[in-house]
Amino acid sequence: MNDTPQPSADSSVTDVVEPADDVLTGSGLAAEKAKRLAKIAGIRADGREPYPYRFDRSHTLAEIRAAHGDIEAGAETDAHVAVAGRLMLKRDTGKLIFANLRDRSDQIQLFISKAEVGDDAFASIADLDLGDWIGVEGSVMATRTGELSIKVQSLVLLAKAVRPIPDKWKGLTDTDTRFRQRYADLIVNEDARRAFQVRHATIQSFRTTLSGRGYIEVETPVLHMEAGGAHARPFVTHHNTLDLDLYLRIALELHLKRLIVGGMERVFEIGRIFRNEGMSTRHNPEFTMMECYQAFADVSDIIALTEELITNAARDALGTTTIDLDGEMVDLAQPWRQVRMIDLVAEATGVEVHPSQPLEQLRSLAAQHGVSCAPRWGSGKIIEELFEALCEHTLVHPTFVTGHPVEISPLARVDRNDPQLTERFELFIVGREFANGYSELNDPVEQRTRFEDEQAAKDAGDDEATGVDEDYLRALEYGMPPTGGLGVGMDRVAMMLAGVSSIKEIILFPTLRPEVL
RNA sequence: GCGCCUCUAGCUCAACGGCAGAGCAACGGACUCUUAAUCCGCAGGUUCUGGGUUCGAAACCCAGGGGGCGCACCA
């Protein structure tokens, strides 16, 4: 960079190896880390390894509790076990140490007797810090007070923690720290661990249900030439070798339907999608969508599938289909309401609405209800806006809102009984959208017309409208069978089942502004 | 993007313009059945950052930063 001579190396090296005395005797974070690093040096000086490569575990802690949880107070068994986990609590009574060991499955007490392990080993165990990873061999017992414990015969350090874990009782409550340092959150907060277990069970349940119905799981590109399949502002990136701007996908839809054209008949993908929009308790810029497509099916099949997927997920993740929705216990196993969007708006306004009505009539209805309209909006868009403003938040119980206007549904097939509406639904629960599905438009000529309408909107300044996807049209020209399709916001389903109110609670590493370190 | 709230020891929180403190963790000591062990002792601070007001600011004012909530945006 410049010609300034660098400081000589030996001026900066000398005080790095041995921490200064005042750091070792203090008790701030720097002092704490220095002490623990000094312990590591001491362990190595003893010829022991603070970070060994592996440990043979015979049982998880839950397995031990399942097998021996009912032994009597004071009982000693000859069950010899090897367990591993993180040291969470330590109670040192002099010649006995009680410690709490936690692994992924459970937490169990360690009973460490100086007479049993010997003076040297006892001293090194007493020197362990909360947060250290350890491996233990011993026998299963219960203390005089009946606490299931492992009587330690030997203990090895598996990984030394240099940084202290948060408060053993209060945990970590600062949301900023919890989301930035999810590792620390997971160490101390049981609720966080549980939420991600529910998320896992939810996604696993979807896979099981779909697999059981003959769907196969596929992976389609994240980098798109054209960000289609939804109305959303995309993230733009650039491929250097091709010298090409690409978009991160905003939906899975168009590639999955190409596979239906190819004859795969039943496909699904659970994948990350990206929308360059605002963040809230219900929106993260990257989130997880499940989309599935089934040949020879229409919207009614997909409505039934949606109900089954979510009800099964509740059963698999929670063991019940009765869940708390905004303080009200609702059984998901009961049939879900179906109602047309135009009927909900009519109910809310007392006036019949339909996309065939003159634009001026709908504009004035919107104005009466405080909904302002952009000049380019057609009747269908105004009806949707009225629905969102007046009806959406009232839908607490699971409700399939159906019959969306054609104008706002460029990929959905027209209703067989009403050419101004589509065979489409959105699922709402506690006022939030969870899913979207329809009978898929498979007529290539009509799809081209719909795309051209989108293109016109885009040209008119709608930066969420999509352009014409020529390759998708080419695929449709080969013939797509009648098809029903579904998209489900997996984060929102997991939120509902985990009972959390922010999407950041159900995404391990939510998007945050950069931290100043 | 706008409004409101918030930021103090590693963690959880006090201090209402007047000496920055407690609990946990840490450190030293006692204790062979604890359960957030207990008891005694000791130590630990850029009060988010930068300005300003004041004899005196963690507190009040201004600007900036992080976070939360709401609104806006959002198939």
Side-chain angles (χ1 to χ4, degrees), chain A residues 22-36 73-74 88-100 107-116 122 127 129-131 141-149 151 161-181 184 187-189 229-233 250-251 253 273 275-285 287 289 381 384 387-388 392 401 404 408-412 424-426 432-438 463-466 487 489 501-502 504 510 512-517:
Chain A
D22 57 338
V23 174
L24 275 175
T25 54
S27 63
L29 178 59
E32 181 64 28
K33 286 164 70 174
K35 282 174 203 154
R36 297 194 189 194
M88 296 305 294
L89 285 174
K90 200 169 61 167
R91 297 176 290 281
D92 183 345
T93 71
K95 297 190 178 67
L96 277 185
I97 296 173
F98 298 90
N100 291 21
Q107 180 162 294
I108 260 178
Q109 176 167 274
L110 302 180
F111 179 96
I112 302 144
S113 159
K114 192 169 191 173
E116 181 80 19
F122 193 81
D127 205 33
D129 290 292
L130 302 188
M141 61 167 281
T143 61
R144 288 177 201 163
T145 55
E147 179 77 22
L148 181 67
S149 305
K151 185 176 187 178
V162 172
R163 185 179 286 261
I165 59 175
D167 191 287
K168 67 183 181 187
W169 186 241
K170 296 292 183 64
L172 188 60
T173 61
D174 181 66
T175 49
D176 187 15
T177 313
R178 286 186 48 231
F179 298 149
R180 284 188 201 283
Q181 302 182 32
I187 290 170
V188 293
N189 290 331
H231 277 168
R233 296 212 300 271
I250 58 172
E253 179 157 358
I273 66 174
R275 296 186 181 178
N276 204 342
E277 285 159 355
M279 293 159 66
S280 77
T281 51
R282 292 172 296 284
H283 300 85
N284 196 66
F287 61 102
M289 183 83 98
K381 177 67 176 165
E384 184 191 35
F387 163 76
E388 287 180 2
E392 194 176 288
V401 175
H404 297 57
I408 58 166
S409 312
L411 300 164
R424 178 180 173 190
F425 73 88
E426 287 178 306
R432 297 180 200 150
E433 186 197 337
F434 277 70
N436 180 21
Y438 33 86
D463 57 3
E464 284 157 10
T466 56
S501 56
S502 168
K504 290 188 173 73
L512 298 169
R513 284 192 171 81
E515 181 181 16
V516 181
L517 281 171

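Sequence lines set the chain letters: A, B, ... in the order given, protein chains first and strands last, and positions in each chain run from 1.
With a cut-off of 3.5 Å on both Watson-Crick or G-U wobble distances, the partner of B:G50 is given as B:C62. As the counterpart of B:C4, B:G68 is assigned, both hydrogen-bonding distances of the Watson-Crick or G-U wobble pattern falling under 3.5 Å. In this structure, B:C19 forms no base pair with any nucleotide, since neither Watson-Crick nor G-U wobble geometry is met with both distances under 3.5 Å. With both pairing distances under 3.5 Å, B:A30 is matched to B:U38 as a Watson-Crick or G-U wobble pair.
One P atom belongs to B:C24, the other to B:U6, and the distance between them is 28 Å to the nearest Å. Comparing B:G17 with B:U12, their C1' atoms sit 27 Å apart, to the nearest whole Å. Comparing the C1' positions of B:A9 and B:G68 gives an interatomic distance of 23 Å, to the nearest angstrom. Distance noted for atom C1' between B:A72 and B:A59: 33 Å (whole Å). Comparing B:G67 with B:U49, their C1' atoms sit 16 Å apart, to the nearest whole Å. Nucleotides B:G66 and B:C48 have their P atoms positioned 16 Å apart, rounded to a whole Å. Look at the P atom in both B:A15 and B:G21: the space between them is 14 Å, to the nearest Å. The separation of B:G23 from B:A57, taken at their P atoms, amounts to 28 Å, rounded to a whole angstrom.
At the heavy-atom level, A:R163 lies nowhere under 4.0 Å from the strands shown. Residue contacts shown for A:D176 are limited to sugar-phosphate atoms, with no base heavy atom under 4.0 Å away. If you check every strand for non-hydrogen atoms under 4.0 Å, A:S149 touches nothing. Across all strands, A:G171 comes closer than 4.0 Å only to sugar-phosphate atoms, never to a base (heavy-atom distances).
Contact annotation: A:K168 reaches the phosphate of B:A37 (side-chain N/O to OP1 or OP2, under 4.0 Å). Between A:R91 and B:A37 there is a side-chain polar atom (N or O) within less than 4.0 angstrom of OP1 or OP2. For B:C13, the OP1/OP2 oxygens have a side-chain nitrogen or oxygen of A:T173 closer than 4.0 Å.
Note: CD1 (A:I187) to P (B:G10) measures 17 Å, nearest angstrom. We find that CZ of A:F179 is positioned 9 Å from C1' of B:G67, with the value rounded to whole Å. Note: CD (A:E147) to P (B:A36) measures 9 Å, nearest angstrom. As a whole-Å value, the separation of A:K170 NZ from B:G10 P is 17 Å. Taking atom CD1 of residue A:I108 and atom P of nucleotide B:U34, one finds them 19 Å apart after rounding to whole Å. The nearest whole Å value for the distance from the CG atom in A:D129 to the P atom in B:G10 is 16 Å. Taking atom CG of A:L29 as the reference point, atom P of B:U12 lies 13 Å away to the nearest angstrom. Taking atom NZ of A:K33 as the reference point, atom P of B:C27 lies 16 Å away to the nearest angstrom.
Contact of the A:Q109 side chain with the A:L148 side chain is not registered, since no non-hydrogen atoms from C-beta on lie closer than 4.5 Å. In this structure, A:R178 and A:T173 have side chains that are not in contact, with every pair of non-hydrogen atoms separated by 4.5 Å or more. Side-chain atoms of A:K151 and A:L110, non-hydrogen and from C-beta on, never get closer than 4.5 Å to each other. Between A:M88 and A:L130 the shortest side-chain heavy-atom distance does not fall below 4.5 Å. By the 4.5 Å heavy-atom criterion applied to side chains, A:N189 and A:L172 are counted as neighbours.
Rounding to the nearest 0.5 Å places CG of A:L512 at 6.5 Å from NZ of A:K504. Note: A:T466 OG1 to A:I250 CD1 = 7.0 Å, rounded to the nearest 0.5 Å. Put simply, CZ on A:F98 and CD1 on A:I112 are 9.5 Å apart, with the number rounded to the nearest 0.5 Å. Separating the CG atom in A:L89 from the CD atom in A:Q107 is a distance of 6.5 Å, to the nearest 0.5 Å.
For an aromatic pair to be called close, the ring centres must be under 6.0 Å apart, and A:F425 with A:Y438 fails this.
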* Structure fact -> Going 5' to 3' through nucleotides 70-75 of chain B and flagging B where a protein heavy-atom sits under 4.0 Å of the base, S where only the sugar-phosphate is that close, and - otherwise, we get S-BBBB
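Projected onto RNA chain B by closest heavy-atom contact, A:L89 and A:D127 fall at different nucleotides, the more 5' of which corresponds to A:D127.
Between the side chain of A:Q109 and the base of B:U34 there is at least one donor-acceptor pair of N/O atoms closer than 3.5 Å.
Looking only at distances, a side-chain donor or acceptor of A:R36 sits under 3.5 Å from a matching main-chain atom of A:A161.
Comparing B:G68, B:U12, B:A36 by their closest approach to the side chain of A:K504 singles out B:G68. For A:L130, taking side-chain heavy atoms from C-beta onward, the closest of the listed nucleotides B:A26, B:C69, B:A37 is B:A26.
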Produce the list of close N/O pairs, under 3.5 Å, pairing protein atoms with atoms of nucleotides 31-33 of chain B; give distances to one decimal.
from	atom 1	to	atom 2	distance (Å)
B:C31	N1	A:T93	O	3.3
B:C31	N3	A:D92	O	3.4
B:C33	O2	A:R144	N	3.1

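Note on A:K114 versus A:E116: no salt bridge recorded, every NZ/NE/NH1/NH2 to OD/OE distance being 4.0 Å or above.
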